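Written below as structure tokens is the structure these notes are about.
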Amino acid sequence: MKPTRFLLSAWTALAGWTTVLPAQTSAAGPTITVNLTEPGPAIAPTMFGVFFEDINFGADGGLWAELVKNRSFEFPKGLMGWNVVGTGVKAEVIEASPLGMNNRHALRLEVSEAGTGIANEGFRGIGVRSAGVYRFRAFLRTPDRRARVRVSLCTPDGQRLAEERLSRVSGNWRRLECSLRPLSDEPKAQLRLTLEQPGTIEVDLVSLFPQEALQGPLRGLRPDLVQMLKELRPGFLRFPGGCIVEGRELATRYPWKSTVTYHRDDRPLLINRWNQEFKHRPAPDYYQTFALGFYEYFLLAEYLGASPMPIINCGMACQFNSNELAPMDQLDSYIQDALDLIEFANGPVTSPWGKRRAELGHPAPFNVQMLGIGNEQWGTNYLPRLDRFTSVLRARYPELRLIGSVGLEPAGPMFEFMTRSLRERKIDIIDEHSYNAPAWFYAQANRYNNYPRGISRIFVGEYGAQTAGIARPDNRNTWECALAEAAFMTGLERNPDVVQMSAYAPLFGHTDAWQWTPNLIWFDNLRVYGTPNYYVQQAFARNRGATAVPVTIDGSTRNGENNLYVSAATNDAGGEIILKVVNASSSARTVQIDLLGVRKVGLEGRAIVIANPDLNAINGLETPLHVCPTTAVFPLSGPSFEHGVPGYSLNVLRIPYK
Ligand code: AHR
């Protein structure tokens with residue numbers, strides 16, 4: 001697949017547009033004072049990370065680049081995703097398997113007319129490009145002496161885009177493969193298997209990958225989506241979710257062990273909990289193959305340079321659904337799962353689970369330093385379960401930082417009770433979730449100023465501004481939401497001794513197959529784009545400081561004074577001030593910036609600016625860079641200077657100093 005303009009981040013795309021901003025001459029407005037004489041606390045490298053969940057077809061049909069849905073005929077409706085091509089075709093799912101113990105079914109296809117067979121519809125179609133090469137593989141056998149099978153990619157109305165012949169189908173299971181090169185681009189192609197003559201074949205594990213997804217260190221992942229993550233520079237990767245950790249019932253909780261125990265082609269299938277969650281967005285074909293499993297998540301984290309943050313089920317199914325509980329006297333197996341997970345990630349290759357990691361190809365440890373105990377749990381059923389987990393884990397892995405949850409609400413009696421309870425337990429990190437209106441995010445820009453220091457750091461584990469309401473289908477990723485999140489994020493950066501980590505949620509949404517909106521990154525079968533929220537996350541993560549520096553607006557320590565939201569820090573290497581200014585008013589303004597304790601500044605600073613006068617502005621597949629950053633340099637004459645900020649803008653100023 002040829003890289004398209006959609007694969008380029010705005011940073012890359014706009015690199016050549018760098019302009020020089022004129023020095024400001026108009027009368028200065030508000031004064032931002034950055035006090036370098038009193039450096040503040042360190043900002044954790046994990047401050048801005050990503051939350052991955054298999055929601056909205058984020059894994060199968062998304063990050064996992066397999067293009068065939070129900071490729072092993074293991075879905076409860078065995079032919080889901082497959083449609084007969086032509087007449088006189090009998091397609092049935094039979095008990096047969098060329099390999100493995102979990103993949104128990106195969107397809108028997110009997111055709112009475114030449115040129116007929118079966119077609120796979122992919123994940124809301126199969127996206128192919130004319131410049132791409134697509135690797136087809138399948139197990140086939142025939143009870144007839146020989147069978148000739150044609151493999152083709154077709155448009156939805158049956159026009160052939162590419163075709164190859166498999167002529168070596170014989171009586172024994174054999175894995176056959178070919179490469180398909182489509183004549184033209186098609187976002188909704190189908191994959192057809194047809195017989196040249198009447199006859200019978202049996203088929204299993206039908207697979208089609210873009211060749212480019214099979215190259216490089218992350219074999220099997222969709223390169224354009226990985227690139228979007230890489231360009232975010234996340235400090236951590238939380239996986240595998242979300243409610244998916246919990247399951248609607250315990251039987252459908254996330255089974256991390258089977259994702260590393262079995263071969264990728266033979267992992268037991270499970271219904272995705274988002275399959276039935278929303279009546280307004282049903283997804284009856286949403287299942288988890290776990291081809292993207294825990295080993296793959298660890299590899300992805302390593303590739304991204306992000307700290308891995310696994311979340312484990314704590315013996316509770318989703319409290320919004322069945323609320324099923326593992327009885328306290330049956331919790332040991334859940335706790336053992338957590339112990340085994342840490343051994344899998346960090347243990348020596350001589351340990352049983354460390355050995356498994358080495359067998360999969362990674363003898364070196366993955367260096368997990370934190371673990372989430374449950375996802376979005378709360379209440380008196382959670383606390384005793386959390387206690388059992390923490391007592392065992394603390395004894396065995398004292399250096400591991402444990403994350404406890406306070407539930408969905410970021411305020412209210414349950415939130416207060418849970419926060420108090422978790423602090424009493426001296427839990428290392430408290431996971432707060434906040435889905436709210438943009439106004440809430442502005443109002444919370446001072447939220448962490450008065451949190452107690454020294455105990456239980458905060459992980460803002462899931463947040464996102466909503467235009468309509470939580471899980472409402474009419475939410476949009478508007479600039480208004482993204483700007484409000486930017487204001488909130490300055491409040492996180494001002495309090496790094498309280499807040500250690502944060503992540504927008506959810507991460508991915510398939511434009512034709514989503515359940516939840518808004519999402520950080522949207523994609524279809526060929527394209528991807530970052531939302532305004534994505535570019536805000538990127539601006540913060542790529543310009544994270546190392547040490548916070550106190551900052552005031554017109555002498556006030558209150559963030560949001562005069563409709564400005566501000567944070568300041570110095571960078572890792574030293575020698576640079578990183579000042580973030582959110583102008584939440586519609587008018588462009590000139591601000592006075594005073595750098596206290598600075599003797600000399602460099603000749604010029606660098607500004608990364610995201611601005612749009614229209615708060616309803618959004619990005620889309622056709623307009624992926626409508627709201628995106630621009631970079632510019634601006635002249636500096638001394639430690640006190642004026643600087644212009646556009647209306648409704650996030651401005652990241654990088655100022656060299658001595
Ligand atoms: O991000 C979507 C969902 O929101 C997550 O799965 C869950 O933790 C929260 O309720």
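What you are looking at is a predicted structure, and each value in this text was computed from that prediction instead of being measured. Order of appearance sets the numbers: ligands from 1, and atoms from 1 within every ligand.
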Per-atom contacts, ligand 1 versus Glu53 - under 4.0 Å to a heavy atom: 5 (C), 6 (O)

Once ring pair (Phe, Tyr, Trp, His ring centres under 6.0 Å) is applied, do any residues pair with Phe209, and if so which ones, sequence neighbours excluded? Trp64

Tyr435 touching ligand 1 at heavy-atom level, < 4.0 angstrom: yes

According to the interplanar angle, ranging from 0 to 90°, do the rings of Tyr297 and Phe52 count as parallel (below 30°), tilted (30 to 60°) or perpendicular (above 60°)? tilted

I'd like to know whether ligand 1 has Trp274 as a neighbour, heavy-atom separation below 4.0 Å. yes

Would you mind telling me if ligand 1 is within reach of the side chain of Asn375, the backbone, both or neither, using heavy atoms under 4.0 Å? side chain

Show every side-chain hydrogen bond (donor to acceptor under 3.5 Å, both in side chains) that has at least one partner inside residues 408-425, sequence neighbours left out. Asp387-Arg425

Nearest protein heavy atom with distance in Å, relative to atom 4 (O) of ligand 1: Glu462 OE1, 3.2 Å

Can you label the angle between the Phe344 ring and the Phe366 ring as parallel, tilted or perpendicular, going by 30° and 60°? tilted

Would you say Pro506 touches ligand 1, if touching means a heavy atom closer than 4.0 Å? yes

Verify the distance criterion only: is there a donor paired with an acceptor across the side chains of Thr490 and Asn559 at less than 3.5 Å? yes

I need the atoms of ligand 1 closer than 4.0 Å to a non-hydrogen atom of Gly242, numbered in the order shown. 5 (C), 6 (O), 8 (O)

Side chains of Arg253 and Asn375, donor plus acceptor under 3.5 Å: no

For residues Asn477 and Asn619, is any side-chain donor paired with an opposing acceptor at under 3.5 Å? no

Counting both backbone and side chain atoms, is some N or O of Cys243 under 3.5 Å from an N or O of ligand 1? yes

Between Trp516 and ligand 1, which residue portion shows a heavy-atom distance shorter than 4.0 Å: side chain, backbone, both, or neither? side chain

Quick one: which of Glu246, Glu376, Gln515 has a heavy atom closest to atom 10 (O) of ligand 1? Glu376

